[in-house]
Student: 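My questions will all concern the structure given below.
Throughout, protein chains are lettered first and strands after them, A, B, ... in sequence-line order, and every chain is numbered starting at 1. What you see is a predicted model, and the numbers here were worked out from it, not measured in a lab. Side chains are part of it too, since the values below use all heavy atoms of this structure and drop only hydrogens, waters and symmetry mates.
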Amino acid sequence: MENLESILNKEQCEAVRETEGPLLVLAGAGSGKTRVLTHRIAYLIENCGVQPWNILAITFTNKAAGEMRDRVDKIVGLRGREVWVSTFHSMCVRILRRHIDRLGYNSDFSIYDTDDQRTVMRKVFKDLNIDSKNLKERAVLAAISKAKNEGLTPVEYRDQISGGDYNEKKIAECFTLYEKILHQNNAVDFDDLLLKTVELFDTEPEVLEYYQERFKYILVDEYQDTNDIQFNLVDKLAGKYKNICVVGDDDQSIYKFRGANLENILSFEKSFPGAKVIKLEQNYRSTEKILDCANAVIAHNTGRKQKRLWTDHKGGKDVTFKEFDGANDEANAVIREVKDCGRSYHDQAILYRTNAQSRLLEEQCIKMNVPYQIIGGVNFYQRREIKDVLAYMKIIANDSDNVAFERIINVPKRGIGEATLEKLRVFAAANSTSEHTVTMYEAATKAGIIGIGGKAGKMLQEFVNMVENWKDKLRYAGYLNEKAVDEDSYSIQRLIESIRDDSGYGEEIKLEGVVEAETRFQNIEEIISKASDYQKNAEEPKLSEFLEEVSLVADIDRKDDNTDLVTLMTLHGAKGLEFPKVYLVGMSDGLFPGYKSMNEHDDLEEERRLCYVGITRAQDELVMTSARTRMVNGNYERMKPSMFIDEIPDELCQKTTLNRYGEDEMPFADAFGGGSFGGGSFGGSSYGSGSYGDYRKSRRENQRYDERDEYRHDDDFGNVIGGRGNSHSGRNSSGGFSGGSSGGFGVNSYGLSGMGSTGYTGRSGSSYGSGRKSGSGIPKSLQTTGVQKLSSLDYKVGDTVSHIKFGKGTVLSIVDGKKDYEVTVDFEKAGQKKMFASFAKLKKI
DNA sequence: CCTTAGGATGTTTTT
DNA sequence: CATCCTAAGG
Ligand SMILES: Nc1ncnc2c1ncn2[C@@H]1O[C@H](COP(=O)(O)OP(=O)(O)OP(=O)(O)O)[C@@H](O)[C@H]1O
């Protein structure tokens with residue numbers, strides 16, 4: 001290996017070489033913590049003779065895991081493949097697949113996402129006669145998750161309830177039944193993945209010992225966001241050799257809402273006696289100006305571990321903050337700058353607090369023809385068509401999965417409704433014994449016996465035949481638990497295609513309308529290609545393993561780094577990433593920090609950490625913006641610039657603000673006179689009881705702030721062109737607004753290219769698709785392009801055509817469907833694909 | 001059994 | 001505003 005010193009600074013080298021015993025690398029943003037981990041893995045292998053399979057490295061996302069593995073590979077070559085680099089969740093799935101039978105599940109278990117959990121909870125409410133007016137499903141699930149994070153079983157939870165709180169008792173009942181249903185369905189939720197692994201280690205000491213021996217060296221990235229169970233896992237796994245190296249930054253802990261416990265990193269030295277602590281102080285990512293802003297903001301938090309952070313990159317571009325009149329103006333100006341600033345799109349990211357904010361930005365991207373990707377929002381794997389297809393697959397892999405069964409038994413319509421389902425449920429319940437639970441699917445196979453006749457009976461029978469048929473094919477090719485007879489006889493891709501084409505599902509989707517259908521078909525294509533990736537990489541591909549893997553894909557894992565796209569995502573999503581130019585938008589009190597956090601000291605500090613994370617993603621340039629009015633929940637809200645902006649000294653940041661509205665002014669009225677000032681202290685109460693748009697109230701309270709601050713703003717920002725009177729210059733930026741909508745934009749200009757994989761595709765389906773009724777600001781061209789059935793095609797069977805994504809291919813067949821031509825093409829690279837003509841934009845060559 | 005219309009309900013952030 | 005859920009009609 002190259003000389004370590006040439007790649008790492010002194011402290012980093014020390015962290016790499018300190019291989020034995022517990023080690024905490026505590027350091028601020030961009031100080032090269034992740035780089036330390038990568039080189040440490042390589043060092044262990046190259047210099048310490050550690051076997052790669054004796055190393056476990058935990059990262060925060062699957063994507064980060066992949067990147068780390070690649071980098072290790074680059075240094076040590078192929079041996080790097082043998083290192084386990086994964087997220088906690090993926091690690092647990094891998095372990096559980098091998099051993100979960102000891103806990104009374106089988107290895108084909110399903111993983112339930114939040115949606116599935118809600119489905120189960122709805123059932124629980126029904127069974128327990130709970131009125132969802134008194135108790136909310138979400139709340140119960142949150143309580144259960146919390147209990148699980150504290151390691152409580154349903155029984156323990158019930159026993160620790162303080163006194164006779166009615167709701168808590170109910171929650172305890174729900175908890176019990178919820179767990180029972182999951183177990184019956186051979187399913188686990190996200191928390192269970194971690195919890196069951198701990199349970200496994202507790203109940204099966206020799207399994208634990210196996211993994212302790214196996215993972216002699218353990219490394220954990222982003223340790224500040226681990227929760228109690230994850231700590232437990234680490235603690236157990238490292239219990240024998242104690243070679244545990246964690247890196248993190250207490251100032252970047254942003255996942256408390258999901259159970260992360262800052263104590264894990266704060267008291268690492270107590271948990272692992274004899275631990276060595278190394279601090280890294282040089283930041284390699286950002287310019288001095290950016291770093292100064294970050295430090296200024298985070299300095300307002302209390303109880304931090306002291307860390308210095310400095311950089312060589314003296315000076316740099318000025319950090320700016322600008323307040324716009326309306327949220328539209330803000331979005332417009334930001335996207336315009338993205339387009340005009342001369343940087344590649346790829347080098348720019350727009351970060352916001354909530355997913356909802358992406359909408360305006362997206363509209364502007366479309367208007368201005370800026371290629372973009374949106375990370376997050378509705379998770380790809382939660383989209384309806386994806387969940388439907390996966391549910392088919394889950395039923396095949398795990399026929400205990402009643403949630404999957406009920407999801408798709410009547411999709412497409414088979415005339416099987418509530419009445420039939422109830423018969424099946426009754427039969428299943430009546431025939432279940434303590435040894436054997438009769439599943440819905442099993443009940444369906446006995447439709448005849450149960451006395452479900454007529455159409456429903458026939459359709460059930462057909463459904464079962466279809467599933468059994470798929471199972472046979474999969475079994476023969478080795479995708480279930482038996483050895484393959486002929487590996488090449490079938491594949492997961494073909495299964496998905498068959499689900500789409502042979503079950504009537506694809507047909508039903510088409511009836512929804514061509515725009516929706518195309519989006520959905522495209523999404524199904526994506527999962528097919530995911531399946532083929534899986535198939536390529538897996539030594540022994542199994543259907544259930546594929547499903548488990550797919551359940552753990554996070555939005556961020558799908559980020560495209562190879563196409564020139566500007567990235568839009570939440571601040572949370574940006575953790576661990578870096579971009580030359582970063583925009584932090586929506587910097588308004590009430591939004592960021594969110595009004596819910598403004599009263600709670602701890603929550604506010606977490607928001608501040610989030611802000612710190614956001615600022616420190618920027619390498620060269622940081623632009624912050626806010627809007628004075630913004631539509632929230634259907635009504636206009638007036639907001640003042642974020643307190644975090646105030647926390648940055650004016651000499652570090654060029655701030656341009658508008659004056660506040662006077663009390664009686666309406667949002668778009670002339671705003672000059674009022675000029676009262678708000679600012680600094682955003683006392684607790686303001687958003688406190690913040691119920692829905694109590695417009696008058698929030699106006700009054702805003703006014704109160706207004707009275708205080710603005711002097712400061714104006715005086716201090718004298719350096720900027722008219723902080724005052726700018727209310728109309730906010731409009732300036734919207735001058736170009738209308739111009740942007742010039743035509744010439746078609747779906748194909750990037751809807752189909754690399755882009756298709758993320759933001760645009762899916763969202764158009766879910767958020768705009770049905771929205772065709774109302775013009776949602778999306779250009780007409782977008783809604784209709786590619787929708788009309790072409791009257792004729794300029795290619796015919798046998799022609800060679802080219803496709804924007806799949807390349808060259810030969811037309812195999814053209815079927816004149818109801819709404820569109822369905823063209824089958826055999827591509828040289830991508831193989832056979834079926835697609836709609838109006839959408840595929842095939843060109844004859 | 002399926003469709004649809006209308007009303008109530010609700011929001012950070014995500015593996 | 002938007003989604004979800006319920007209740008009545010086909
Ligand atoms: N010794 C070094 N010399 C030069 N560049 C470095 C060095 N160490 C790290 N870097 C660079 O600094 C940037 C930040 O590194 P890295 O992502 O490892 O930091 P981090 O501490 O994990 O950041 P964060 O806490 O924000 O996740 C990267 O671009 C990395 O390549």
Student: Does a side-chain N or O of A/T570 approach OP1 or OP2 of B/dT12 to a distance below 4.0 Å, or not?
Tutor: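 For B/dT12, OP1/OP2 do not have a side-chain N/O of A/T570 under 4.0 Å.
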Student: Measuring only between side-chain heavy atoms, which start at C-beta, is A/P641 closer than 4.5 Å to A/S588?
Tutor: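 Answer no - side chains too far apart.
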Student: Using whole Å, what does the distance between atom C1' of nucleotide C/dC4 and atom CG of A/D115 come to?
Tutor: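 These atoms are roughly 12 Å apart.
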Student: Would you say A/F257 stacks on B/dT13, if stacking means ring centres under 5.5 Å apart and planes within less than 30 degrees?
Tutor: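 Yes; by the centre-distance and plane-angle rule, A/F257 counts as stacking on B/dT13.
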Student: Rounded to whole angstroms, how far apart are CZ on A/R138 and C1' on B/dT9?
Tutor: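 Atom-to-atom, A/R138 to B/dT9, this comes out as 12 Å.
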Student: Using heavy-atom distances to pick each residue's nearest nucleotide on DNA chain B, tell me which of A/Y255 and A/K136 is more 5'.
Tutor: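 In this pair, the answer is A/K136.
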Student: Have A/T59 and A/D221 got a donor and an acceptor in their side chains that come within less than 3.5 Å?
Tutor: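 Absent: no donor and acceptor within the cut-off.
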Student: If the P atom of B/dT13 is compared with that of C/dC4, how far apart are they to the nearest Å?
Tutor: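 One P to the other, the span is 15 Å.
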Student: Between atom CD1 in A/I409 and atom C1' in B/dC1, what is the gap in whole Å?
Tutor: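 Whole-Å distance recorded here is 15 Å.
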Student: Could you tell me how far apart A/I254 (CD1) and B/dT12 (C1') are, to the nearest whole angstrom?
Tutor: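 Answer to the nearest Å: 13 Å.
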Student: Given atom NZ of A/K63 and atom P of B/dT15, what is their separation to the nearest angstrom?
Tutor: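 Going from NZ in A/K63 over to P in B/dT15 covers 13 Å.
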Student: Please work out if A/I416 contacts a base, only the sugar-phosphate, or nothing of the nucleic acid, heavy-atom cut-off 4.0 Å.
Tutor: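 Result for A/I416 = sugar-phosphate.
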Student: Using whole Å, what does the distance between atom C1' of nucleotide B/dT14 and atom NZ of A/K575 come to?
Tutor: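 Rounded to the whole Å, the gap is 11 Å.
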Student: Once you apply a heavy-atom cut-off of 4.0 Å, does A/K256 come out as touching a base, just sugar-phosphate, or nothing?
Tutor: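 Result for A/K256 = nothing.
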Student: In whole Å, what is the span from the CG atom of A/L591 to the P atom of B/dT13?
Tutor: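 Taking CG of A/L591 and P of B/dT13, I get 10 Å after rounding.
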Student: Counting the benzene-type ring for Trp, do A/Y178 and A/Y112 have ring centres under 6.0 Å apart?
Tutor: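 They do not qualify: ring centres at least 6.0 Å apart.
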Student: Counting the atoms with a prime plus P, OP1 and OP2 as sugar-phosphate, which does A/T61 contact under 4.0 Å by heavy atoms, base, sugar-phosphate, or nothing?
Tutor: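 Here A/T61 touches no strand at all.
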Student: From the set B/dT12, C/dA2, B/dT15, return the single nucleotide nearest to any side-chain atom of A/A554.
Tutor: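 My answer, after comparing the listed nucleotides, is B/dT15.
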Student: Mind checking A/G415 for me? I need base, sugar-phosphate or nothing, with any heavy atom below 4.0 Å counting as a touch.
Tutor: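 Result for A/G415 = sugar-phosphate.
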Student: Can you confirm whether or not the ring centre of A/Y352 sits under 6.0 Å from the ring centre of A/H572?
Tutor: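 Not close enough - the centres of the two rings lie 6.0 Å or further apart.
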Student: Within 45° of the six-membered ring axis of A/Y255 and under 6.0 Å from that ring's centre, is NZ or CZ of A/R258 located there?
Tutor: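 Ring-cation test returns yes.
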Student: Taking the six-membered ring of A/Y636 as reference, does the NZ or CZ atom of A/R630 fall below 6.0 Å from its centre and within a 45° cone about the axis?
Tutor: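 Not satisfied by the 6.0 Å and 45° rule.
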Student: So, is A/N410 near the phosphate of B/dC2, with a side-chain N or O under 4.0 Å from OP1 or OP2?
Tutor: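 Answer is yes, contact under 4.0 Å.
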Student: By nearest atom, which of the nucleotides B/dT12, B/dT15, B/dT14 is closest to the A/F190 side chain?
Tutor: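 My answer, after comparing the listed nucleotides, is B/dT15.
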Student: At under 4.0 Å between heavy atoms, what does A/R122 touch on the DNA or RNA strands: base, sugar-phosphate, or nothing?
Tutor: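 It contacts sugar-phosphate atoms only.
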Student: Taking the minimum atom-to-atom distance to the side chain of A/H89, which one of B/dT13, B/dT3, B/dT15 wins?
Tutor: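 Nearest to the side-chain atoms of A/H89, counting from C-beta on, is B/dT15.
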Student: Tell me the interatomic distance from A/R118, atom CZ, to B/dT9, atom P, rounded to whole angstroms.
Tutor: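 In whole Å, B/dT9 P and A/R118 CZ are 15 Å from each other.
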Student: Pick the closest DNA chain B nucleotide for A/A419 and for A/I556 by heavy atoms, then say which residue is nearer the 5' end.
Tutor: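 It is A/A419, whose closest nucleotide lies nearer the 5' terminus.
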